[in-house]
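These notes are about the structure you will find just below.
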Amino acid sequence: MKLFKLSILLTVSLLTFSACSGVKPQVDEKTAIDNTLPIITLTNNGIISDMTSIAFEWNAIVDPRVEKIYIYRTSPEAENKKEMQYYDTIKGRFKTHYVDDSVKPNTIYSYSFRVATDDSQGRLSKVYKVNTKPVLQSVSWIHSITGLPRSAKIIWRPHSNQRVQKYIIERKTLEETEWKELDTINDRLNAEYLDGGLKDNYVYMYRIRVKTYDGIVSTPSQLVKVVTKPLPKSVTDIKVTQNLPKAIQIDWEATTQEDFDRYYVYRSENINGNYELIAKLHNNTFSDKIDADGVRYFYRVSVVDKDGLESENEKHSVMGMTLPKPTAPSVLKAELSGSSIVLNWSNNDPRVKSYIVVKETKTGWLDTKRDEFRDISTTNFQDTAITADTTYTYSVYSLDENKILSKASEPVVIVTPESTQRVEAPKAKEVKEEVVNKPVEVKSNDKVIVPTEDLNMNEL
């Protein structure tokens with residue numbers, strides 16, 4: 001009778017849990033369900049997921065009857081995705097953590113838990129759905145060197161994640177639909193790949209994936225195109241200005257390319273330097289605004305067609321320049337004249353419309369006073385505001401009609417004397433000359449010596 005009742009209870013339990021979201025109630029169908037056993041509940045932060053692992057944490061189990069914990073899981077690869085399948089067993093009741101490292105990135109998995117004794121098992125916990133993290137991104141920057149004969153060069157920025165072990169180079173042509181693995185580059189700090197033996201006048205596309213030490217392959221990088229020769233016809237007739245204030249005008253002959261899309265304008269400080277893309281245009285003229293005088297830039301213009309193929313431009317560089325500063329004046333004369341200082345200079349540039357004189361007065365060991373005299377239309381200047389025993393420094397600037405200021409002339413320094421009035425030194429007194437007619441007699445040992453022209457000094 002007791003066996004009959006136990007069979008009925010087991011059947012009812014099986015039917016009840018089988019009807020619940022398709023979850024299989026136990027590992028062994030002969031194991032009875034004990035509703036008095038605890039149900040596993042996760043902690044507040046009881047799930048942590050990564051790309052290739054999922055960790056669980058549940059509240060401690062205090063019921064001494066519990067001998068083990070069953071783990072159930074379903075995944076997209078399971079035959080019956082809606083039905084929870086037995087997955088693993090944890091022996092003992094004291095463990096409160098479990099890590100599943102057999103998962104794939106960016107995939108949704110469902111988990112459920114139940115406790116068990118030697119002859120019975122508890123009810124299944126609620127179902128926890130966990131989405132693993134997506135795979136890491138590929139390199140953040142990739143660039144191709146185009147126009148090489150039968151070859152292509154790919155460079156990229158090394159990946160910042162130190163888990164990266166190698167780079168996977170993939171390539172395909174416009175006619176191909178599938179990407180093909182071309183090569184692998186070991187070492188995370190490698191950043192260059194050369195591909196050779198390519199067809200002439202052919203388009204190749206490249207992209208990069210990274211692979212970690214634990215075997216995770218990233219998403220593909222941005223694709224780059226390489227076009228072997230020939231490309232769309234190059235722009236050759238490029239004209240640039242060298243006399244516009246604060247600007248350089250670039251003009252070129254319009255292209256006859258049938259599938260023309262736009263022009264690219266590049267600029268560099270050196271003819272063989274790195275050229276920066278500064279404009280994408282549909283018309284064949286461009287004004288480069290530059291807030292500097294006499295600045296030189298080198299320009300290249302290329303044609304881009306509707307497929308994104310760009311013509312060669314390395315062989316056609318032109319130099320433009322903003323209007324330079326006027327030539328500085330040359331000071332011809334700087335002198336102290338009476339109680340004023342007079343400057344004269346030469347005009348070295350026909351563009352000059354006026355001049356500026358800058359006066360610096362030294363007022364102490366470290367202090368200097370600065371004065372400016374503007375709108376001078378002549379080539380001379382007289383400064384009457386001077387004082388004695390003072391050092392003055394003068395510089396002259398040219399100014400053209402565009403208000404462009406030249407560099408300073410060579411500075412001239414004038415030091416005024418202690419007084420601007422001339423003071424004559426006193427005359428010396430006259431000294432009268434006396435003529436001695438009589439020789440001077442000198443007595444020595446009662447001998448009289450008379451100075452003569454033949455005086456012998458030994459006799460003294």
Check: What do the steps show when you test D214 against R163 for side chain to side chain contact (heavy atoms under 4.5 Å, CB included), and what is the final call?
Finding: CA-CA 8 Å; D214 51 356; R163 295 168 62 185; 3.1 Å; yes

Test your reading of the model: is there a side-chain donor-acceptor pair from [X] to the backbone of [Y], 3.5 Å cut-off?
| X | Y | answer |
| --- | --- | --- |
| S268 | F298 | no |
| T117 | E67 | no |
| S398 | S406 | no |
| S144 | K225 | yes |
| H143 | V224 | no |
| T228 | Y202 | yes |
| N344 | L332 | no |
| R188 | H159 | yes |

Taking 4.0 angstrom as the limit, do [X] and [Y] come out as a salt bridge?
| X | Y | result |
| --- | --- | --- |
| E314 | R300 | no |
| R370 | E372 | yes |
| D34 | R123 | no |

Next item on the list: I would like to know whether K95 and I69 meet side chain to side chain contact (heavy atoms under 4.5 Å, CB included); could you show each step before the answer?
Entry: CA-CA 9 Å; K95 281 192 174 182; I69 300 171; 5.7 Å; no

Approximate separation, where rounding is to 0.5 Å, of [X] [atom1] and [Y] [atom2]:
| X | Y | atom1 | atom2 | value |
| --- | --- | --- | --- | --- |
| D293 | T322 | CG | OG1 | 6.0 Å |
| D349 | K325 | CG | NZ | 12.5 Å |
| K233 | T256 | NZ | OG1 | 5.5 Å |
| E312 | T146 | CD | OG1 | 8.5 Å |
| W179 | R171 | CH2 | CZ | 10.5 Å |
| L194 | I145 | CG | CD1 | 10.0 Å |

Donor + acceptor pair across side chains of [X], [Y] (<3.5 Å):
| X | Y | value |
| --- | --- | --- |
| S302 | E310 | yes |
| R65 | T36 | yes |
| T41 | N59 | yes |
| S330 | N348 | yes |
| T285 | N283 | no |
| D100 | Y111 | yes |
| N313 | Y264 | no |
| N274 | E276 | no |

Heavy-atom side-chain proximity of [X] to [Y] below 4.5 angstrom:
| X | Y | answer |
| --- | --- | --- |
| P326 | I404 | yes |
| V210 | V139 | yes |
| I216 | L136 | yes |
| D383 | K359 | yes |
| M84 | L124 | no |
| R93 | V115 | no |
| W156 | S221 | no |
| K199 | T173 | no |

Taking everything shown except [X] itself, do over 12 heavy atoms lie less than 6.0 Å from its [atom1]?
| X | atom1 | result |
| --- | --- | --- |
| E192 | CD | yes |
| N45 | CG | no |
| I155 | CD1 | yes |
| N186 | CG | yes |
| K153 | NZ | no |
| E410 | CD | no |
| K211 | NZ | no |

Can you give me the closest heavy-atom contact between [X] and [Y], atom names plus distance?
| X | Y | answer |
| --- | --- | --- |
| D187 | Y167 | O-CE1, 3.5 Å |
| V164 | Y213 | O-CE1, 3.7 Å |
| M319 | Q242 | O-NE2, 3.4 Å |
| P38 | D63 | CD-OD2, 3.5 Å |
| A60 | T96 | CA-CG2, 3.8 Å |
| Y109 | V103 | OH-CA, 3.4 Å |

Next item on the list: Kindly determine whether V413 and T391 satisfy side chain to side chain contact (heavy atoms under 4.5 Å, CB included), including the steps that lead there.
Entry: CA-CA 7 Å; V413 180; T391 301; 3.7 Å; yes

Note to self: Between H282 and Y263, does the side chain to side chain contact (heavy atoms under 4.5 Å, CB included) criterion hold? Intermediate values first, please.
What the structure shows: CA-CA 6 Å; H282 292 95; Y263 298 104; over 6 Å; no

Item checked: Residue among I154, V203, D195 satisfying side-chain contact (heavy atoms from CB on, under 4.5 Å) with V226 -> I154

Margin query: For Y70 and Y72, take the angle between the two ring planes, folded into 0 to 90°, and tell me which bin it lands in: parallel under 30, tilted 30 to 60, perpendicular over 60.
Written below: perpendicular

Note to self: Quick check on the 6.0 Å ring-centre criterion: do F113 and F56 meet it?
What the structure shows: yes

Note to self: Taking ring-ring contact (aromatic ring centres under 6.0 Å, His included) as the criterion, tell me which of F381, Y397, F373, W345 meets it with Y355.
What the structure shows: W345

